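Note that this is a predicted model, so its numbers are computed, not measured. Convention: sequence-line order gives letters A, B, ...; per-chain numbering from 1.
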There are 2 protein chains.
Amino acid sequence: MTKTTVRAQQPLLPLNQILAGDCIEMMNSLPEASIDLIFADPPYNLQLRGELHRPDNSKVDAVDDAWDQFGSFDHYDRFTRDWLAAARRILKPNGAIWVIGSYHNVFRLGAELQNQGYWILNDVVWRKSNPMPNFRGKRLTNAHETLIWASKGEGAKYTFNYEALKALNEGVQMRSDWVLPICTGNERLKDDAGDKAHPTQKPEALLHRIILGTTNPGDVVLDPFFGTGTTGAVAKMLGRDYIGIEREEAYRKVALKRLEKVRKFDKEALETTTSKRAEPRVPFGQLVERGMLRPGEELYSIGNRFKAKVRADGTLVGNDVKGSIHQVGAHLEGAPSCNGWTYWHFKREGKLVPIDLLRQQIRAELN
Amino acid sequence: MTKTTVRAQQPLLPLNQILAGDCIEMMNSLPEASIDLIFADPPYNLQLRGELHRPDNSKVDAVDDAWDQFGSFDHYDRFTRDWLAAARRILKPNGAIWVIGSYHNVFRLGAELQNQGYWILNDVVWRKSNPMPNFRGKRLTNAHETLIWASKGEGAKYTFNYEALKALNEGVQMRSDWVLPICTGNERLKDDAGDKAHPTQKPEALLHRIILGTTNPGDVVLDPFFGTGTTGAVAKMLGRDYIGIEREEAYRKVALKRLEKVRKFDKEALETTTSKRAEPRVPFGQLVERGMLRPGEELYSIGNRFKAKVRADGTLVGNDVKGSIHQVGAHLEGAPSCNGWTYWHFKREGKLVPIDLLRQQIRAELN
DNA sequence: GCCAGCCCTGAATCCGTAT
DNA sequence: TATACGGATTCAGGGCTGG
């Protein structure tokens, strides 16, 4: 499928809207292979027996809304199977899905993802910096939730903005454990009575990391359990399109109001750090063609242990081996591979300079 | 079943031994309802494709042992079902089980535990302080493994030493995420050739926390995938009895030698489990994710001579230079380095406030 | 004896594009 | 669809060596 084809489908999508209704029916009404990313925070199947009380006897406002009660694992598994299948149909071949859950439901979610052929890329732990303590001292403080990131299948080319996440983590690659506070304070939406509008509102920081890291600007992000619209809000800020599906009118109302107020970030602010792989490829032969290196000139290996001679066709010859800068380097080092650009050096005024410097000059000309 | 009845059965148990053979058969040969705690580290069913090399071209020593190979999820699920059922039969009514896994298998494990009627008490995340990085930059660093702690059924009176774990955690309630280093250095057992004796040896600190927190002295701890015997070693140190089951002769040999040397109440080993707590690193990107600074917002240098704009991935752009708060600061000042935290300021109510203030807020949340 | 620097290693589902 | 090949990619910590 070409980019053009996909783009042509997009006008059919109800972009930046909240669809009212059952998420399975609504997903089934959307065209197949049209969504870049799905974020899903399904009901948790919490097995609460009676009410939970704090030591001071105040009642904990547990997740016991009607939509969160399932009679059995069987019922819950059927529900999980159906919505994951509907999600799978509308995902683009190179799309991906994130689901979040706790130990009550995440093992059912993960197993069913695998059963349907989704390919798990990472499980991620959201480590809450301010969780609710375990009041009775009968278990460990339940201080995290689990997210699963999966592509549509093995071998799919999912989106991963490695460098952007690395930058977000101040230069060290992002790990699978994320320390973030729960959603409180001004960010926590209230209803007209002043109570929290949704029992499990997710923090925007969580969605920021997910959407920044696994989508590109202009992508379509769908959330089948939209709630108060955190996914939509962050998608909008980051210049992505969103589609929300929500059954409960009360939540849709809050979300709508919230989304109206959200502003997209500056274009400049949305540019993120990119990887070298995205830069244009420069064949080594160009350095010779352009006279930056002369045929017959000698190159020196990184530790100055080997040398090789440049040939007019942009290959090297050294120690009776001929081939590309990478092949000759790999052979001399006895290594499975070698980046010739950083391995080979030329001499200028007695100093050894990596040939990558010449590549950078060419790339700079190309802007 | 009364305590007396249980005690009467104990002499029949092969205490403090390593049983040679298949774990399902061996468990089936033990009397029912006789074990207090089971710790199980089953094969993870990793599905590795080719070889993996580090950027320095060295080869990663992968877990490619035959015992980790399963033909399909179906095959793995059958195996899981069978050993979990055998484990369930020998557990005392108030016994408990711990299993450990990664995203490859832990969802199958958790779902099957629930299917069999085990009652999940917590899922626990072992956050590795020194995980292997992701060398190709294609995913998040796989920096954790997941443990599941479950009782034999709903309403069972499992053992939980709340105060002991709280003490181990410097007086604060123990959480469901545990930061511990992987097993390296002298603790890592070597074979006669000097290679690691087992590819997946678990750290004693992990078992220390589990056995201390969820058994009592004199309890019987069984490990059906004994490997090099970490469970047995820690059980012995802590004055519990153990039963190990291991199929591979080479592992049994190493474990036997190890266990002979273990002394009960090894004070030194207890000390190593309490880790020193350093000031947590806070990446600048977190201020952006958390909405403390908005992408597109401007920061001002310490003398208000320069400004720069915040980007969504936590980098800055100013005077055509992009990079971390430290890099951009250093560049603008023409200095070799720069502490961006004290250099950059944001505007609030007309005043310039150093961004370090925001970092302090985050650190305060983290305790 | 101490310190700096080098080397090694850890449960990993780890490439993308052109031909 | 399979093959070829260019060339991008790592963090923390322990142990050892040499000065």
Side-chain angles (χ1 to χ4, degrees), chain A residues 114 118-123 150-151 153-155 157-158 160 162-163 166 169 171-176 275-285 314-315 323-330 335-344 355-356 359, chain B residues 41-65 67-70 73 76 100-106 126 128-146 179 181-188 190 194-196 198-203 225 227 278 281:
Chain A
Q114 291 177 314
Y118 287 100
W119 193 248
I120 298 182
L121 299 166
N122 277 115
D123 61 334
S151 68
E154 185 182 2
K157 289 183 184 48
Y158 55 94
F160 181 52
Y162 175 74
E163 293 292 344
K166 189 173 172 180
N169 199 29
V172 231
Q173 73 179 199
M174 186 70 80
R175 302 167 37 120
S176 60
S275 97
K276 262 193 198 169
R277 276 189 264 257
E279 291 178 46
R281 203 174 84 84
V282 176
F284 175 71
T315 56
S324 70
I325 51 173
H326 317 293
Q327 288 168 335
V328 175
S337 72
C338 170
N339 184 344
W341 290 106
T342 50
Y343 181 76
W344 292 109
I355 59 174
D356 199 38
R359 180 170 68 162
Chain B
D41 181 14
Y44 283 13
N45 190 24
L46 302 185
Q47 293 158 50
L48 307 176
R49 300 304 182 223
E51 292 186 340
L52 179 64
H53 295 268
R54 298 184 174 82
D56 66 4
N57 272 324
S58 64
K59 185 166 166 267
V60 174
D61 185 15
V63 180
D64 51 5
D65 306 73
W67 50 254
D68 199 47
Q69 310 293 324
F70 293 82
F73 279 132
Y76 188 80
I100 181 167
S102 66
Y103 65 85
H104 311 84
N105 70 327
V106 77
W126 168 26
K128 303 179 183 182
S129 54
N130 51 349
M132 195 189 323
N134 185 290
F135 297 114
R136 305 300 294 263
K138 301 313 290 182
R139 302 184 178 189
L140 303 164
T141 310
N142 205 346
H144 74 277
E145 292 187 30
T146 302
V179 180
I182 59 177
C183 184
T184 57
N186 281 331
E187 192 187 326
R188 189 86 195 207
K190 304 289 194 299
D195 299 321
K196 57 187 174 196
H198 192 282
T200 70
Q201 187 183 339
K202 296 292 174 288
F225 307 96
R281 197 176 67 91

Bracket string, DNA chain D, 5' to 3' - pairs by Watson-Crick or G-U geometry under 3.5 Å, | interstrand: .|||||....|||||||||

Sugar-phosphate only, base, or nothing, as touched by B:P42 at under 4.0 Å among non-hydrogen atoms: base

Span that lies between the C1' atom of C:dC8 and that of D:dT10, in whole angstrom: 13 Å

Whether B:H198 and B:W67 hold their rings parallel, tilted or perpendicular, with breakpoints at 30° and 60°: parallel

Nearest-Å distance for atom pair CZ/P, residues A:R175 and C:dA12: 14 Å

Given B:T141, B:N142, B:V60, the one that forms side-chain contact (heavy atoms from CB on, under 4.5 Å) with B:M132: B:V60

Nucleotide-resolved protein contact map, nucleotides 2-11 of chain D, B/S/- at heavy-atom distance under 4.0 Å: ---SSBBBBB

Gap in Å between the two C1' atoms, one belonging to D:dG7 and one to C:dC14, rounded: 15 Å

Residues A:H326 and A:S324: side-chain donor-acceptor under 3.5 angstrom: no

Under 3.5 Å: donor-acceptor pair, side chain of A:R359, backbone of A:R281: no

Set out, line by line, the N/O atom pairs under 3.5 Å between protein and nucleotides 16-18 of chain D.
none

Integer angstrom distance from the P of C:dT9 to that of D:dA8: 27 Å

Heavy-atom donor-acceptor pair, B:K128 side-chain to C:dA11 base, under 3.5 Å: no

Nearest-angstrom distance, C1' atom, C:dG1 to D:dG18: 14 Å

Of the listed nucleotides C:dC14, C:dA11, D:dG13, the one nearest the side chain of B:R139: C:dC14

Atom pair distance, as rounded to whole Å: CG in B:L52 and C1' in C:dA11: 13 Å

Separation of atom NE2 in B:H104 from atom P in C:dA11, rounded to whole Å: 13 Å

5′-ward residue of the pair B:R49/B:D61 relative to DNA chain C: B:D61

Whole-Å distance separating the CG atom of B:L48 from the C1' atom of C:dG10: 14 Å

Sidechain-backbone polar pair: B:N57 side chain, A:A335 backbone, donor-acceptor under 3.5 Å: no

Protein-nucleotide distance (B:F225, atom CZ; C:dA11, atom P), rounded to Å: 18 Å

Interatomic distance where NE2 belongs to B:H198 and P belongs to C:dT9 [whole Å]: 18 Å

Reported OG1-to-CD distance for the pair B:T184 and B:Q201, which is rounded to 0.5 angstrom: 10.0 Å

Sugar-phosphate, base or nothing in reach of B:N186, heavy atoms under 4.0 Å: sugar-phosphate

Touch class at under 4.0 angstrom, heavy-atom based, for B:S102 against every strand present: nothing

Touch class at under 4.0 angstrom, heavy-atom based, for B:N105 against every strand present: nothing

Protein-nucleotide distance (B:R188, atom CZ; C:dC8, atom P), rounded to Å: 18 Å

Heavy-atom donor-acceptor pair, A:Q173 side chain to B:P133 backbone, under 3.5 Å: no

Side chain to side chain, B:Q47 and A:W119, heavy atoms closer than 4.5 Å: yes

Side-chain touch A:S275/A:Y162, heavy atoms, less than 4.5 angstrom: no

Worked verdict on A:I355 versus A:F284 for side chain to side chain contact (heavy atoms under 4.5 Å, CB included): CA-CA 9 Å; A:I355 59 174; A:F284 175 71; 3.8 Å; yes

